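Contents: one structure, followed by commentary.
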Amino acid sequence: MGRATERENLKMKSYDHQKTEKKWLKKWLEEKIYQPDLAHPKGKGKFYNLMMFPYPSAEGLHVGNMYAFTGSDIYGRFKRMQGYDVFEPFGLDGFGIHSENYAIKIGTHPVDLLKKSEKRYYEQVKAIGNGFAWDEKLETYDPEYYKWTQWIFVQMFKHGLAYRKKAPVNWCPSCKTVLADEQVIAGKCERCGTEVIRKELEQWFFKITDYAEKLLKNLDWINWSERVKIAQRNWIGKSEGAGIDFEIAGAIAPSYVLLHGYTGSPENNFFPWLKKELEKRGARVYVPELPNTKDPIVRDQVEAVLKNVPFDGNTIIVGHSLGGVVVLKILEKLSTPVRKTVLVGCYSENRFIDENFPLHTFDWKFNPEKIKCNAGEISILRDLSDDTVPQDNTYSLYKLIGGELFDYNASKPHFSGNTEPEVLHHCIDSIRVFTTRPDTLFGTTYMVLAPEYEEIENLESKIENWEEVQKYIERAKNKSNEERITEGKDPSTGSGLGKTGVELKGVKAINPANNQEIPIWIADYVLRDYGTGAIMAVPAHDERDREFAKKFDLPVSDAPLVDAKEITKKVGGEFKTTYRLRDWLISRQRYWGPPIPMIHCDKCSWQPVPEEDLPVVLPYVKDFKPTGTDASPLTTVKEFYETKCPKCGGPAKRETDVSDNFFDSAWYYFRYPSAHSARSGQVPSTHSAHSTSSGQIPFDPELTKKWLPVDMYIGGAEHSVLHLFYTRFVTMAFKDWGLIDFEEPFHKFRAHGLLIKEDAKMSKSKGNIVNPDEYIEKYGADVLRMYLMFIGPFEQGGDFRDDSIIGIARFLGKVWAAANKKIGDGGGGLPVITNKTIKKVTEDIENLRYNTAISALMIFLNEMEKANEITRSDFEAFIKLLAPFAPFITEEIWRNISKHEKSVHIEPWPEYDPSLIKDKTAKIPVQVNGKLRAVIEMDFDSSEEEVVEKAKADPNVQKYLPTPPKKTIFVKNKLVNFVL
RNA sequence: GCCUGGGUGGCGGAAUGGUAUACGCGAAGGACUUAAAAUCCUUUGCCCGCAAGGGCUUGUGGGUCCGAGUCCCACCCCAGGCACCA
């Protein structure tokens, strides 16, 4: 008796999805079919198939998460069957504001809450039938994990990528607490409805802006969803323009003293030019020739200057190179301070590059106190390409006498060009603006500074309405961004005529294009963080400036446009690229996150926690709620924050803020391949090329080399910007630190769409959340998986409707029935539809078009049912194609009905034969003047003559063809069109 | 305001410039059943027609083409993101 007849005699057992799914879950774990060989990837090699790990909500697995997981899993299963060793890990992103807020809401400590929800979540996720490699699971709130999150923070600090600066936080004056952005609803506190104000706090930042250009450039080659790339480009917001200096009227000092350097003279370098520029503006300029310039003695030079040049409180003294040393010595001797000191390419130690200065006639000991006392305002200009004076020597000078250090790219190295605009800029008070439209410079009729613009204070003495200005600044600082924008707009018209601002009375700027004096305003429509924090306002060409000018009755000029390049050069501007990308604010004044591993010592300032002391464990704080101050709950735990300075051993205080949740998830994909072996102590975690004090790094270098970068990353489009930026930034930093040799973590990324329910977003308040458990219980995971994938294109999302899920249940019912009935071992079968389906499903899965792949499978089954007998080879190909979508029922059929030894999920993916996908005949539509008049059936690949002859013979076609056609369009196997 | 998707039957949706509405849901009719459920078969965009057949139809209005859901121009609507970025 043949197998088929044998089977037909058996009474078909109905499919028990609950029992079957449980059985295979257990068996798969035992057989470890989803556990790749991490040390030695098999088959065609490794395939790292990643999906965004979830935050384990206490309400359990959300169907939206399941949607994403399933879409990723189908792709992974497909790749596994294609012969790759697929690594599909899973973990939980349990730190952060979501978990913490929920814990606060239900009054349970996050630690206790997580214990419960973690267990439930893992159980639910197991039930959906994904091929996860469970050995490598991880949780971000596990100290073993966040130890390394903190380690990365320490490296960021050591590499100069972590720094502190003041930044505003959202502050609710009623709850007396810091709010996260998502807790601010339309400018008001989520809980009490009070207007949220801004409050300035010192916080930690990561310098992601250092990587702006690389983040932008790599977008050109990484294989990501186009819409995500566009969002990232917009976020980086690169714009090309110019930095242009506007001098303050009257800022020219009455007298200047310019001192040249070694072997120099008043006639070389920038001296003649600078003298002319300053004199043009009415200053007296002294450029003494220093005696014995080729064999200088400092005492003589100082004396010569003091003898010939008068100094008073309005003198600005400028020294270049060795002339700077002369300046320092003069300052030591003066009895009254000068107005300002500008040191250009100067130094304070006896060496050029690596060699000693050949002359020892200089005195290299200084009296910094006296110098600081007499120097007035100090500007130290350093050239980044200086090949004469080493940069660190200039830095020593800065350390010695203070002031402000400015880095530039000089016209010629060591500021030896004939014109050096930066030097002039420091000789005269000026305000630099950034503009993308230098061509409109002649139309500039006023300037605007952001309220936070620091240098406003330098002008205090000149500003006549200082009190009013201060008031405005104070008010603007307390406004939230949201308020600034909404207030700026007239509520009735939506126009920008509600803009606010205040003029700096008594101070004018000079438009460098036409030397006209223009007013300077402060207004909060100008942002401190973008460009230079100051703008040139061109009301004729910029809508915002026009609105502002209209409101405050400022002049509008219709001066013609000029060539942007020429004018920028003419006014000494600098071509500049600006990004709107901001540095990453890491600090959170919260409890539920990894403590920032820094220690503050009054003596040694900020010191990182030594690597061997990591992790800084988050203590169990009973009252984990926000404190009612602007600090994290950790500030109430003395045992936590009281510590010793790692450098000097003195008493010190730990940072009590925790880090941003996005930081936890910025590197988790590096940890996965090493997670298991690290847990069981098998990873040495040493990296010879990297000199850290512990010598340990967060991942095994060998495994990382084998498995990263990620081959396919799938996740929500809502993370297009932040999460995906942070991952890229961290990866680039790792590369620069020598930990890895690639700079993009995910060569392929696809964003899935949003799953909605009956035209509405799923949300608790609407009560339309779909709980996967119910559906899995009723229909089985296979049905739910397939239904989720069937409702729409995966990359666009879908609308979950209860009444359609039955279609998938029926389909799988038919599959089960077919498997239990009429499978024939003989030849024949349906080669065309089989091969066509293999082609279609293969291509569709590759492009994440799961909905049409499923539809093709339905058509295939319908065709097989129509035929008298289903052949074994056709049906087995069908089962394999179905396996990634419905892993349980296909496994049951494969192993228990078709009696195969091994799992269908490690079977080779079916290949199609291109010669077999051709139909025997083609149905060819016949049109007359583009209108369909008949459909004729022809042999496939029939010639034009044959088709046209048969088409013309059709009676209905003849009716519309009174005369022979003027033109005949023929598309092989596709169509004939007669044009009259 | 800007950017990105999208607008196709009663519904979810399908269509390399070449038969629009595949596949599925729903609906109607029928078979099996004492009956119901389940299952199976048939029909199903709209209008006219007994039929053969004809006309209309992919948000709106134009255009290119033998031929447009698909390409171009203008506009409307929905969803998501960004938003005073000089």
Side-chain angles (χ1 to χ4, degrees), chain A residues 14 225-231 233-235 237-239 241 433-437 440 448 481-482 484-489 494 496 498-499 523-527 529-538 541-545 547-548 578-582 717-718 720-721 751 753-754 756 758-759 761 787 790-793 795-808 810-811 813-814 817 849 851-860 862 865 923-935 955-956 959 965-971 973-980:
Chain A
S14 69
S225 299
E226 204 50 40
R227 56 185 164 136
V228 172
K229 289 205 211 178
I230 290 166
R233 282 196 189 100
N234 289 342
W235 192 259
K238 179 177 180 169
S239 43
V433 303
F434 173 75
T435 178
T436 54
R437 296 291 307 275
T440 65
V448 188
N481 266 343
E482 174 106 19
R484 282 190 176 194
I485 295 163
T486 42
E487 250 180 49
K489 280 186 182 148
K499 285 189 169 60
D524 63 11
Y525 82 91
V526 172
L527 310 173
D529 287 345
Y530 184 76
T532 61
I535 62 154
M536 53 181 237
V538 189
H541 290 281
D542 185 285
E543 203 184 327
R544 296 152 303 179
D545 297 343
E547 288 160 359
F548 192 76
T578 299
Y579 303 89
R580 75 203 283 175
L581 180 68
R582 305 287 151 81
E718 71 274 20
S720 298
V721 182
L754 189 70
I756 57 170
E758 271 132 26
D759 288 330
K761 237 184 182 171
Y787 176 62
F790 184 63
I791 49 186
E795 293 186 75
Q796 265 166 47
D799 191 351
F800 191 102
R801 279 164 197 269
D802 283 342
D803 49 11
S804 313
I805 195 167
I806 188 72
I808 297 291
R810 281 183 196 147
F811 170 68
K814 283 196 264 185
R849 290 190 300 248
N851 56 333
T852 50
I854 292 170
S855 137
L857 288 168
M858 288 172 167
I859 295 169
F860 187 19
N862 290 345
E865 298 255 306
K923 282 182 178 163
I924 298 177
V926 182
Q927 301 180 336
V928 178
N929 277 344
K931 281 209 188 278
L932 183 72
R933 295 304 173 188
V935 177
N956 201 44
K959 236 165 67 183
K966 275 192 201 128
K967 199 170 157 191
T968 301
I969 313 283
F970 173 77
V971 184
N973 298 322
K974 281 279 167 66
L975 140 148
V976 182
N977 187 10
F978 297 116
V979 185
L980 290 176

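In what follows, every chain begins at residue 1, and chains take the letters A, B, ... in the order their sequences are listed. All figures in this text were calculated on a predicted structure; none of them were measured in a lab.
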Inset, instruction - Indicate, with a heavy-atom threshold strictly under 4.0 Å, whether A:Asp545 touches base, sugar-phosphate, or nothing. - result: nothing

Legend entry - Heavy-atom side-chain proximity of A:Asn862 to A:Lys814 below 4.5 angstrom: yes

Inset, instruction - State, with a plain yes or no, whether a side-chain heavy atom of A:Met536 is found less than 4.5 Å away from one of A:Thr440. - result: yes

Inset, instruction - Kindly check if the number of other-residue, nucleotide or ligand heavy atoms within 6.0 Å of CD (A:Glu865) is above 12? - result: yes

Legend entry - Pairing partner of B:U34 (Watson-Crick or G-U wobble, both distances under 3.5 Å): none

Legend entry - Syn/anti label of B:G59 as read from its glycosidic torsion, with the cut at 90° from 0: anti

Inset, instruction - Provide the distance between the two C1' atoms, one in B:G49 and one in B:G62, to the nearest whole Å. - result: 35 Å

Inset, instruction - Could you work out which one of B:G18, B:C3, B:G12 sits closest to the side chain of A:Asp799? - result: B:G12

Inset, instruction - Would you state whether a donor and an acceptor, one from the side chain of A:Lys931 and one from the base of B:U19, lie under 3.5 Å apart? - result: no

Legend entry - Closest to side chain of A:Leu932, choosing from B:C84, B:U19, B:G53: B:U19

Legend entry - Minimum side-chain heavy-atom gap A:Ile230-A:Arg227 below 4.5 Å: no

Legend entry - B:U16 and B:A31, which share atom name C1', separated by this distance in whole Å: 43 Å

Inset, instruction - Would you classify A:Lys814 as touching base, sugar-phosphate or nothing, given that sugar-phosphate means primed atoms plus P, OP1 and OP2, and contacts are heavy atoms under 4.0 Å? - result: sugar-phosphate

Legend entry - Atom-pair distance (CD on A:Glu226; C1' on B:G81), nearest Å: 16 Å

Inset, instruction - Round to a whole Å and report the spacing from NZ of A:Lys974 to P of B:A20. - result: 14 Å

Legend entry - Separation between the P atoms of B:G45 and B:A51, rounded to whole Å: 15 Å

Inset, instruction - Calculate the interatomic distance between A:Met858 atom CE and B:A14 atom C1'; express it in whole Å. - result: 13 Å

Legend entry - Minimum-distance nucleotide to A:Gln796 side chain [options: B:A22, B:G6, B:C66]: B:G6

Inset, instruction - Name the nucleic acid region contacted by A:Leu754, choosing base, sugar-phosphate or nothing; use a 4.0 angstrom heavy-atom cut-off, strictly under. - result: nothing

Legend entry - Between B:G67 (P) and A:Ile924 (CD1): distance, integer Å: 21 Å

Inset, instruction - Scan every strand shown for a Watson-Crick or G-U wobble partner of B:G12, both distances under 3.5 Å, and answer none if you come up empty. - result: B:C23

Inset, instruction - Look at A:Asn973 and B:G18 and indicate whether a side-chain polar atom (N or O) is within less than 4.0 Å of OP1 or OP2. - result: no

Legend entry - Heavy-atom side-chain proximity of A:Arg933 to A:Val926 below 4.5 angstrom: no

Inset, instruction - Look at all strands and tell whether A:Arg801 reaches a base, only sugar-phosphate, or nothing, counting heavy atoms closer than 4.0 Å. - result: sugar-phosphate

Inset, instruction - Using modelled atom types only, decide if a donor and an acceptor are shared between the side chain of A:Ser720 and the backbone of A:Ala231 within a distance under 3.5 Å. - result: no

Inset, instruction - Looking at every strand, decide which applies to A:Val526 at a 4.0 Å heavy-atom threshold: base, sugar-phosphate, or nothing. - result: base

Inset, instruction - Rounded to whole angstrom, note down the P distance from B:G53 over to B:U44. - result: 14 Å

Inset, instruction - Would you tell me if any nitrogen or oxygen in the side chain of A:Arg233 comes within less than 4.0 Å of OP1 or OP2 on B:G81? - result: no

Inset, instruction - Would you classify A:Ile791 as touching base, sugar-phosphate or nothing, given that sugar-phosphate means primed atoms plus P, OP1 and OP2, and contacts are heavy atoms under 4.0 Å? - result: sugar-phosphate

Legend entry - Interatomic distance at C1', B:G24 relative to B:G13, whole Å: 8 Å

Legend entry - A:Thr852, nearest nucleotide to its side chain (from B:U19, B:C82, B:A15): B:A15

Inset, instruction - For nucleotides B:G30 and B:A79, find the distance between their C1' atoms and express it as a whole number of Å. - result: 43 Å

Inset, instruction - Give one of base, sugar-phosphate or nothing for A:Asp529, where a contact means two heavy atoms less than 4.0 Å apart. - result: nothing

Inset, instruction - Determine which nucleotide pairs with B:U42, using a 3.5 Å limit on both distances of a Watson-Crick or G-U wobble pair. - result: B:A28

Inset, instruction - Map A:Ser804 and A:Phe978 onto RNA chain B by nearest heavy atom, then report which one ends up closer to the 5' terminus. - result: A:Ser804

Inset, instruction - Find the partner of B:C66: check Watson-Crick (N1-N3 plus N6-O4 or O6-N4) and G-U wobble (N1-O2, O6-N3) distances, both under 3.5 Å, and reply none if neither fits. - result: B:G18

Inset, instruction - Taking only the side-chain heavy atoms of A:Val935 (C-beta and beyond), determine which of B:G54, B:C23, B:U19 contains the nearest atom. - result: B:U19

Legend entry - Nearest-angstrom distance from the residue atom CZ of A:Arg810 to C1' of B:A38: 9 Å

Inset, instruction - Specify the residue among A:Arg227 and A:Pro793 whose closest nucleotide of RNA chain B lies further upstream toward the 5′ end. - result: A:Arg227

Inset, instruction - Remember a base hit wins even if backbone is also touched, and classify A:Ser239 as base, sugar-phosphate or nothing at under 4.0 Å, heavy atoms. - result: sugar-phosphate

Inset, instruction - Find the distance A:Asn929:CG to B:C66:P and express it as a whole number of Å. - result: 11 Å

Legend entry - N/O donor-acceptor pair, side chain A:Lys966 with base B:C66, under 3.5 angstrom: no

Inset, instruction - Hunt down the Watson-Crick or G-U wobble partner of B:A51, both distances under 3.5 Å, from any strand shown, or write none. - result: none

Inset, instruction - May I ask you to say what A:Gln927 touches in the nucleic acid, namely base, sugar-phosphate or nothing, with a heavy-atom cut-off under 4.0 Å? - result: base

Legend entry - Atom-to-atom span, CD of A:Glu718 to C1' of B:G5 - whole angstrom: 15 Å

Inset, instruction - For A:Asp803, answer base if it contacts any base atom (sugar-phosphate contacts may also be present), sugar-phosphate if it contacts only those atoms, and nothing otherwise; contact means non-hydrogen atoms under 4.0 Å. - result: sugar-phosphate

Inset, instruction - Would you tell me if any nitrogen or oxygen in the side chain of A:Asn862 comes within less than 4.0 Å of OP1 or OP2 on B:G24? - result: yes

Inset, instruction - Would you indicate what A:Ile969 reaches in the nucleic acid, counting non-hydrogen atoms under 4.0 angstrom: base, sugar-phosphate, or nothing? - result: base

Inset, instruction - Report yes or no: does A:Tyr787 contribute a side-chain atom to a donor-acceptor pair with the main-chain N or O of A:Asp802 at less than 3.5 Å? - result: no

Legend entry - Closest listed nucleotide, where the reference is the side chain of A:Arg933 and the choices are B:C23, B:G55, B:C66: B:G55

Inset, instruction - With heavy atoms under 4.0 Å as the rule, sort A:Arg582 into base, sugar-phosphate or nothing. - result: base

Inset, instruction - Give me the ring orientation class for A:Phe548 and A:Tyr525: parallel if the planes are under 30° apart, tilted from 30 to 60°, perpendicular past 60°. - result: tilted

Inset, instruction - Check whether any side-chain heavy atom of A:Thr968 sits under 4.5 Å from a side-chain heavy atom of A:Val976, and report yes or no. - result: yes

Legend entry - Nucleotide paired to B:C75 in any strand shown, Watson-Crick or G-U, under 3.5 Å: B:G59

Legend entry - B:G7 and B:U70, which share atom name P, separated by this distance in whole Å: 11 Å

Legend entry - Sequence-distant partners of A:Arg437, salt bridge (Lys or Arg N to Asp or Glu O under 4.0 Å), two or more places apart: A:Asp439

Legend entry - Gap in Å between the two C1' atoms, one belonging to B:G61 and one to B:C77, rounded: 15 Å

Legend entry - A:Asp802 CG to B:G12 C1', straight-line distance once rounded to whole Å: 13 Å

